[in-house]
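Residue numbers begin at 1 in each chain, while the letters A, B, ... track the order of the sequences.
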Amino acid sequence: MAIFGLWVINKAGGLVYQRNFAEGLAQLTSNEHLVLAGTLHGIHAITSRLSPIGSSSGAHVIEAETFKMTILLTATGTKFVLITSIAEPSANTVLQKVYEAYADAVMKNPFHTPEMPIRTEGFDTRITALIGSGHT
Amino acid sequence: MTVYSLYIYDRHCNCVYYHDWHRTRRPKPANEGGGFLPGVARAVSPIPPASASNASTPYTSPRHTLSSSSGVLVAANDTQPQSAPPLLQTHAVTTPPPASYTSTGLPFDEESKLVYGVILSLRNMIKRLSGRDEQFVNYRTSAYKLHLYETVSGYRFVMLSDPNAESLRFVLRSIHTGPFLEYVVRNPLIEMDSRERGIDNEYFRASVDRLVRGLSIFN
């Protein structure tokens, strides 16, 4: 039961926010995070085309052996990705709250440029209050 | 709850087998020259069905088996009866013709490459993220769930199922240890790793079909 990390990916596939919480996964450089986020953006688009029955959304949950990635795609194309342990039940609720915090602290901030990296202190604070050190 | 399709890839990244069950949107037949191997699946093969029995089933024809074991070359493959062998006929009855489905608009060779690309990228991503040799297991969308099982010999078994299914790795594993070993690995007429043709043969197909239809999740 741990939350390892949070990504926010803009509609073009660029990583605009990345934060680590609990230990347990590899420590990557910010460049590696950028590459992985771009890959995820591409995979997400392809997964919606592979549906065997009618239309499909992109991937919601991607599971590995010890962790999973839960993806929330908003109507505007921004993706919130939460990397948690497999048994974490609250991933979707946390993502919804992150989206709320994003709307309040980032989108309402007149000094924030849309689609650019998020450097808003208010968002950081809200996320810390929400997820803390990553142990729920 | 159901199972939609099964893809098997070899270590040369080629799709060597394809089987589908409850798909309502099927791919178009593969393009000629799209890198699609013969002997993967009749339903999506680019050759028209009438001549397909000549080209794609040398392993399933009893006559061919006889001729190769006796050392007599029967060059006249076209004298072979056009009707499918009994096992294939039962299979043809259980699988409705592709015409009753709407198409995904993607030819099969492109679809199989997309599936392979997705699992390859996800595998790499999971390895990088975890920092150890961790496997990608499955992903889920609103319409389907994709499961991956990888063997030590480099074969990758991919299954698409209902999104609410539990992990189906055990099924893929039992396809590998059961029908795959019995009718592909131990079949002297199947050239594995040939890069030129798939591993489709009627016993393997019938046995996979039985195994999947017997699952509690299938209906």
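Here the CG atom belonging to A:Leu73 is positioned 5.0 Å from the NE2 atom belonging to A:His44, to the nearest 0.5 angstrom. The CD1 atom of A:Ile118 sits 12.0 Å away from atom CD of A:Gln18, with the distance rounded to the nearest 0.5 Å. Here B:Asn201 contributes atom CG and B:Asn187 contributes atom CG; the two are 5.5 Å apart, rounded to the nearest 0.5 Å. Atom-to-atom distance recorded for A:Thr120:OG1 and A:Tyr102:OH is 9.5 Å, nearest 0.5 angstrom. Summarising the geometry, atom CG belonging to A:Leu130 is positioned 9.5 Å from atom CG belonging to A:Leu95; distances are rounded to the nearest 0.5 Å. With values rounded to the nearest 0.5 angstrom, A:Phe21 atom CZ is found 10.0 Å from A:Ile83 atom CD1.
Within residues 140-168 of chain B, the residues having any heavy atom closer than 4.5 Å to a heavy atom of chain A are B:Arg140, B:Thr141, B:Ser142, B:Ala143, B:Tyr144, B:Leu160, listed by residue number. Contacts with chain A (heavy atom to heavy atom, under 4.5 Å) involve these residues of residues 169-179 of chain B, listed by number: B:Arg169.
Contact of B:Ser5 with chain A is not made at all, since no heavy-atom distance falls under 4.5 Å. With a threshold of 4.5 angstrom between heavy atoms, A:Ile53 approaches chain B through its backbone and through its side chain. Both the backbone and the side chain of A:Glu32 come within less than 4.5 Å of a heavy atom of chain B. Contacts between A:Ile71 and chain B at a heavy-atom distance below 4.5 Å are absent for every atom of the residue. At a 4.5 Å heavy-atom cutoff, the contact between B:Tyr4 and chain A is made by side-chain atoms alone.
Between chain B and the options A:Leu28, A:Thr47, A:Leu40, heavy-atom pairs under 4.5 Å are most frequent for A:Thr47. Of the residues considered (A:Val35, A:Ile62, A:Thr39), A:Ile62 shows the highest number of contacts with chain B, using heavy-atom pairs under 4.5 Å.
Under the 30°/60° scheme for interplanar angles, the aromatic rings of A:Trp7 and A:His33 are found to stand perpendicular. Ring-plane geometry between B:Tyr7 and B:Phe108 is classed as parallel, the angle between the planes falling under 30 degrees on a 0 to 90 degree scale with a further cut at 60. Between B:Trp21 and B:Phe218, the ring planes lie perpendicular to each other; the angle is over 60°, past the 30° to 60° tilted range.
Checking A:Glu88 against A:Ser90 by side-chain atom types alone, a donor-acceptor pair falls below 3.5 Å.
The main-chain N or O of B:Ser112 is found under 3.5 Å from a side-chain atom of B:Tyr9 such that the two form a donor-acceptor pair.
A:Asp124 is linked by a salt bridge (charged side-chain N to carboxylate O under 4.0 Å, His left out) to A:Arg19, counting only residues two or more places apart in sequence or in another chain.
Counting only residues at least two apart or in different chains, side chain to side chain donor-acceptor pair (under 3.5 Å) contacts with residues 66-77 of chain A comprise A:Thr66-B:Arg132, A:Thr66-B:Glu134, A:Thr74-A:Thr76.
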